[in-house]
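The structure appears right after this line, and notes come after that.
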Amino acid sequence: MRNKDKYFNALVESNGRCNEIELGEKLGLDEDATRQILTQLLSEYKIEYIQSGLCEYSIMKSKRRIS
């Protein structure tokens, strides 16, 4: 899925400085598509949910990632 990869790369580059929904909008995604991508990334253990800062998702460390 191109959008998922593009979103993940943008999330890495933003380093938590951008709200996850706004980041999706910058990439031309609506809120539903962004939430679906977030769900997929969570299930793949590429990101984790945290409650701090602008972005509520953080990139998981590579040693904890399953893929």
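Computation of the quantities below employed the complete heavy-atom set of this structure, encompassing side-chain atoms and omitting hydrogens, waters and symmetry-equivalent molecules.
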Report task. Check the hydrophobic clustering (I, L, V, M, F, W, Y; side-chain heavy atoms under 4.5 Å; chains of links allowed) and say if I47 and V12 are grouped together. Result -> yes
Query raised in the report: Which residues pass the side-chain contact (heavy atoms from CB on, under 4.5 Å) test with Q36, sequence neighbours left out?
Result: none
Query - From I59 atom CD1 to L41 atom CG, the distance as rounded to the nearest 0.5 Å - result: 7.5 Å
Report task. Check for a donor-acceptor pair, side chain of Y7 on one end and backbone N or O of E20 on the other, with a separation under 3.5 Å. Result -> yes
Query raised in the report: Is there a chain of hydrophobic side chains (I, L, V, M, F, W, Y, each step under 4.5 Å between heavy atoms) that links Y49 to L54?
Result: no
Query raised in the report: Does I50 have any side-chain contact (heavy atoms from CB on, under 4.5 Å) partners at least two apart in sequence or in another chain, and if so, which?
Result: E48, S52, S58
Query raised in the report: Could you state the interatomic distance from SG (C18) to CG (L23), rounded to the nearest 0.5 Å?
Result: 5.0 Å
Query - Cluster check Y57, I21: I/L/V/M/F/W/Y, side chain < 4.5 angstrom - result: no
Query raised in the report: Can you check side-chain contact (heavy atoms from CB on, under 4.5 Å) on N3 and L27, steps first, answer last?
Result: CA-CA 8 Å; N3 286 337; L27 297 173; over 6 Å; no
Query raised in the report: Which salt bridge (Lys or Arg N to Asp or Glu O under 4.0 Å) pairs, counting each pair once, include a residue from residues 5-19, with sequence neighbours left out?
Result: none
Query raised in the report: Could you give all pairs that pass the side chain to side chain donor-acceptor pair (under 3.5 Å) test and reach residues 25-34, with sequence neighbours left out?
Result: E31-R35
Query raised in the report: Which is it for L11 and C55 under the side-chain contact (heavy atoms from CB on, under 4.5 Å) test, yes or no, and what are the steps along the way?
Result: CA-CA 9 Å; L11 189 62; C55 186; 3.8 Å; yes
